[in-house]
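Report on the structure given below.
Lettering follows sequence order; numbering is per chain, from 1.
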Number of protein chains: 2
Amino acid sequence: MSKILNTMSIDVGARLRSVRTTLGLSQRELARRAGVTNGLISLIEQNRVSPSVSSLNKVLDGVPMSLAEFFTLDLSTAPQAFFGAEDLVELGNPEVSLRLVAAQRPGRQLTMLHERYAAGAATREEMLAHRGEEAGMVIRGRIELTVGGATRVLGPGEAYYFASQVPHRFRNVGREACEIISACTPPTF
Amino acid sequence: MSKILNTMSIDVGARLRSVRTTLGLSQRELARRAGVTNGLISLIEQNRVSPSVSSLNKVLDGVPMSLAEFFTLDLSTAPQAFFGAEDLVELGNPEVSLRLVAAQRPGRQLTMLHERYAAGAATREEMLAHRGEEAGMVIRGRIELTVGGATRVLGPGEAYYFASQVPHRFRNVGREACEIISACTPPTF
DNA sequence: CGTTCTTGTCCAAGATCCTAAACACCATGA
DNA sequence: TCATGGTGTTTAGGATCTTGGACAAGAACG
């Protein structure tokens, strides 16, 4: 006896699905980041259950997004064409800042990021799951980039381009912060 | 074995208690309006449980307040002294609008409302639970006010003052909207 | 002093959420 | 064709939320 919960003033399921798909995450990947099960994400998105606030909070921690942002999201906006610096959604941390362009855009096919690595900061070396390609250009500072077996330090005006499935790692070996504009497809964030 | 849930980034219990006490409601009164039990309100406010989103939504319907407003509330603001029209919190409905001054102020001792009755609108005649007194002045339109057995129509510049426990009823018998500035103590909203 | 009302808290039992595991489907590739 | 790895969905059962009622403490009143 499959049941669907009464329509509430706020459609939590649609909201969560919108947030997740916009960021290009699978239910399992979001579940892993949030420390819950993929089944729960599925049930919530179908409005088969109304999650406890603490569960929803855990799920949103995997995005990351606050409850206030989640409930304040306006789903019915026309696709936005221009984004001020304050419109970019921060996905990283203070050490490695990743600011996403057009985060809310449904069905987004491209991920563009404004990345900022603090002095000494680095990404974990890891194999990304998707099959897309990544490109970027340094606009300030210097960054050491390792792709497969090769390592090189890039400065302002220099760029990179590689397939995402090749293990790669960014490391800021300089004294000042390094900023990069990057793009990849399909979207992983 | 009494347990207290892990501290979350957002203290739902404190938030709800703050909202409720600020409005001068008891747990039972809020529960009645929301269609839940007083026990649930108690447990939520103590963070003994993390309510489901749908329960929290039901509870907030009794205020009324949206989930977005609830999670956006800033609890740590210094007492606000000035309130623009947009700062007043709407407590009524389209027919009978009740806009509360200083809704968020903790320990508020006074309730001041900007009331607006659409043409033909009326309050239910009911005995209010508290023992305070109410006063108000019409600033626009005309309103028929019944207090105990007496009825009178008041216009701009005219005022009223009575004990809250006397049954009373407001009714706009005119063609235009009627606006009133009212105050009562202790706070019932 | 009791009586009666209010308040918030606490406690089984029932309802709902959440997990772990399985399922069905599709795409890729040997 | 079969295996592999990805996707979202479903289900049984344990964990948690929610209810209805009891409880204790305080205030108002006679």
Checking contacts here: which listed nucleotide (dT10(D), dC17(C), dG8(C)) is nearest the side-chain heavy atoms of S42(A)? dT10(D)

Over how many whole Å does the gap from I41(A) atom CD1 to dA20(C) atom C1' extend? 15 Å

Using a 4.5 Å cut-off on heavy atoms from C-beta on, say whether the side chain of L56(A) contacts that of F71(A). yes

On DNA chain D, does the nearest nucleotide to E29(A) precede the nearest nucleotide to G39(A) from the 5' side, or the other way round? Give the residue. E29(A)

Looking at dT7(D), I'd like to know if its phosphate oxygens (OP1 or OP2) sit under 4.0 Å from a side-chain N or O belonging to Q27(A). no

Could you give the CG-to-P distance, from N47(A) to dT9(D), as a whole number of Å? 12 Å

Rounded to whole angstrom units, what separation is found between the CG atom of L56(B) and the P atom of dC17(C)? 14 Å

Please state whether the phosphate of dT10(D), meaning OP1 or OP2, lies under 4.0 angstrom from any side-chain nitrogen or oxygen of R48(A). yes

Decide yes or no on side chain to side chain donor-acceptor pair (under 3.5 Å) for E69(B) and S66(B), but give the supporting numbers first. CA-CA 5 Å; E69(B) 291 174 84; S66(B) 73; 3.2 Å; yes

Among the candidates dA22(C), dA22(D), dG20(D), find the nucleotide nearest to the side-chain atoms of T37(B). dG20(D)

Would you say a side-chain N or O of R20(B) is under 4.0 Å from OP1 or OP2 of dT7(C)? no

Please tell me if the side chains of F170(B) and I180(B) come closer than 4.5 Å, counting only heavy atoms from C-beta onward. yes

Using modelled atom types and a 3.5 Å cut-off, is there a donor and acceptor pairing between side-chain atoms of R15(B) and backbone atoms of F70(B)? yes

Side-chain N or O of S52(A) closer than 4.0 Å to phosphate OP1/OP2 of dC17(C): no

Length of the line joining L25(A):CG and dT7(D):C1', which is rounded to integer Å: 14 Å

Starting at CG of L40(B) and ending at P of dG14(C), how long is that distance when rounded to a whole Å? 19 Å

Would you mind reporting whether E176(A) and R140(A) have side-chain heavy atoms less than 4.5 Å apart? yes

Ranking dC17(C), dT19(C), dT18(D) by distance to the side chain of P51(B), first place goes to dT18(D)

Kindly say if Q46(B) contacts the phosphate of dG8(C), meaning a side-chain N or O under 4.0 Å from OP1 or OP2. no

Calculate the interatomic distance between R32(B) atom CZ and dT6(C) atom P; express it in whole Å. 12 Å

For a quick check of understanding: with a heavy-atom distance under 4.0 Å over all strands, which category does L43(B) fall into, base, sugar-phosphate or nothing? base

Give the nucleotide from the list dC18(C), dG8(C), dC17(D) with an atom nearest to the side chain of V49(B). dC17(D)

What's the CD1-P distance between I44(B) and dC10(C), to the nearest Å? 15 Å

Report yes if at least one side-chain N or O of R17(A) is closer than 4.0 Å to OP1 or OP2 of dT9(D); otherwise report no. yes

At less than 3.5 Å, do the side-chain atoms of N38(B) and the base atoms of dT7(C) form a donor-acceptor pair? no

Name the residue closer to the 5' end of DNA chain C, choosing between V36(A) and R28(B) according to the nucleotide with the nearest heavy atom. R28(B)

